[in-house]
Number of protein chains: 2
Amino acid sequence: MSLSASRLRLPLASCEGHEDQAPLQVGDLAREVGRSVRAIHLYEELGLLKSARSKGRFRLFDADAVMRVRWIAKLQDLGLSLGEIQSIIKNVDESASAPSAMKLLRDTYREKLAATAAQIARLRALESELAMSLSYLETCDACDPARLMHACSSCDLHDCRPPPELVAAAHTGPRAVAHPPEKS
Amino acid sequence: MSLSASRLRLPLASCEGHEDQAPLQVGDLAREVGRSVRAIHLYEELGLLKSARSKGRFRLFDADAVMRVRWIAKLQDLGLSLGEIQSIIKNVDESASAPSAMKLLRDTYREKLAATAAQIARLRALESELAMSLSYLETCDACDPARLMHACSSCDLHDCRPPPELVAAAHTGPRAVAHPPEKS
DNA sequence: CAATACCCTCACGCGTACGTAAGGGTTGGT
DNA sequence: ACCAACCCTTACGTACGCGTGAGGGTATTG
């Protein structure tokens, strides 16, 4: 009887109601945050994460580590590399005072907010292009099932002319320049 | 007098009003679409792009190639790998008829539309987390400039408690598990 | 004919974020 | 004591999307 974090082990602290206190082994942390053990190791190598060690040199993590890895994941989703995350941490660690650290963090977050907004805008534009292309392609259901791609350029079944770029560019099949080479 | 695509060359076709007809050399295409020559070569190696050749084995591209590369770029922005783009093209090329090709294309685009919407949603969530964190961090300006990070956990200047995760996780500095190792 | 400014085809290199295997300890239950 | 299930370190491997020469033609100007 005892499955604090792993299913069969409890190095210390257990059965006390909240398991928040039980140190997690690397595999437990990995499962908790949905990343591989190797990834956790990597984060620690890069200084993104710290751990205590058991007497047998096993890594032990606390609840903050869980938060930390989730934080890393979010920053990655925001498009930051592990190197960039490293420098965020370095900035914070090297700041003499809390307010100066927070200013640096703020600046970084501000940049990323702008970048994220821009990225969202780009994706939304692409999203609507995709939607338009899809509606354009609906019409193809009404096409003669035997018709060849080559005929698409003279198709008049669609409401929209010219076709969306996402559709038109896909029609540029095995073909080359219209006017071969050589200058008369 | 003659700078069709490059600035000093015009292999053929020129001074005819629209330059759309003038075949582009690889460098011209690259500049046009904002990618490196190496990238264009790669796309061709992967079968994403076709080209004619001059008698001296120079690649020659037409206007469709420009569209094609822009298309590739958009799909990349949508998160597709070059390999995935390859298979889109393969699907289209291998389809016996146009309507069947378009069905495959539609399926792919549908998937990507869903994935893109999901990605936008994730980014929007992160965006608002960032915004909240920024507003939280504004308050730090009112903090004693000499205060240390360690004091943040008992700070009551902020409107929001607890602090956003994006802020809290950054405070997990050089520290380890509260309860070191060893049992009892 | 020389000088540029391009282009060609290999083919190895790189940065990121891990995957994966090797060889060998540690933990905890029975 | 023994075993299964973990963990440790070290270190090479992988997938992507190009970057970067090397060595050698080609096209257009003067």
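What's counted below: heavy atoms across the whole structure, side chains too, no hydrogens, waters or symmetry copies. Letters go in sequence order (proteins before strands), and every chain restarts at 1.
Checking C:dT27, C:dT9, D:dC8 against the side-chain heavy atoms of A:Val26 singles out D:dC8 as nearest. Of the candidate nucleotides C:dT9, C:dT27, C:dA17, C:dT27 has the atom lying nearest to any side-chain atom of A:Lys55. For B:Ser81, the listed nucleotide lying nearest its side chain is D:dG17; candidates were D:dC8, C:dT9, D:dG17. Comparing atom distances between the A:Leu42 side chain and each of D:dT9, D:dA27, C:dC18 picks out C:dC18 as nearest. Of the candidates C:dT9, D:dG17, C:dC18, D:dG17 carries the atom nearest the B:Leu82 side chain, counting heavy atoms from C-beta on. In this structure, the nucleotide among C:dA11, D:dC8, C:dC7 sitting nearest to the side chain of B:Arg38 is C:dA11.
The distance between atom CD of B:Glu45 and atom C1' of C:dT9, rounded to the nearest whole Å, is 10 Å. Atom pair B:Leu80:CG and D:dA15:P shows a separation of 19 Å (rounding to whole Å applied). When rounded to the nearest whole Å, the span between CG of A:Leu75 and C1' of C:dT16 equals 16 Å. As a whole-Å value, the separation of B:Arg31 CZ from C:dA5 C1' is 11 Å. Between the CZ atom of B:Arg35 and the C1' atom of D:dG19 there is a distance of 14 Å, given to the nearest Å. Computed from coordinates, the A:Phe61 CZ to D:dC8 C1' distance equals 12 Å when rounded to whole Å. Look at CD1 on A:Ile85: it is 16 Å from C1' on C:dG15, rounded to the nearest Å. Protein atom CG of B:Leu46 is 14 Å distant from nucleotide atom P of D:dA15, rounded to whole Å.
Between A:Ser36 and A:Phe58, the residue anchored closer to the 5' end of DNA chain C is A:Ser36, taking for each the nucleotide with the nearest heavy atom.
A 4.5 Å side-chain heavy-atom check between A:Ile72 and A:Leu82 finds at least one atom pair inside the cut-off.
Contact check, B:His41 against D:dC18: no side-chain N or O comes under 4.0 Å of OP1 or OP2. Regarding contacts with the backbone of D:dC7, every side-chain N or O of A:Arg57 stays at 4.0 angstrom or more from both OP1 and OP2. Contact annotation: B:Arg53 side-chain N/O to C:dT9 OP1/OP2 distance is under 4.0 Å. The phosphate of D:dT9 (OP1 or OP2) has a side-chain N or O of A:Arg59 nearer than 4.0 angstrom. At the phosphate of C:dC18, OP1 or OP2 sits under 4.0 Å from a side-chain N or O atom of A:Tyr43. Dashed line: the shortest gap from a side-chain N or O of A:Gln76 to OP1 or OP2 of C:dC18 is under 4.0 Å.
Between B:Arg59 and B:Asp28 there is no salt bridge, since none of the side-chain N atoms of the basic residue sits less than 4.0 Å from a carboxylate O of the acidic one. Looking at B:Lys50 and B:Glu44, no side-chain N of the basic residue comes within less than 4.0 Å of a carboxylate O on the acidic one, giving no salt bridge.
With values rounded to the nearest 0.5 angstrom, A:Asp107 atom CG is found 13.0 Å from A:Lys112 atom NZ.
For the side-chain contact (heavy atoms from CB on, under 4.5 Å) with B:Phe61, the qualifying choice from B:Val26, B:Val66, B:Val69 is B:Val26, the only one to do so.
A donor-acceptor contact under 3.5 angstrom links the side chains of A:Arg35 and A:Tyr43, judged on distance only.
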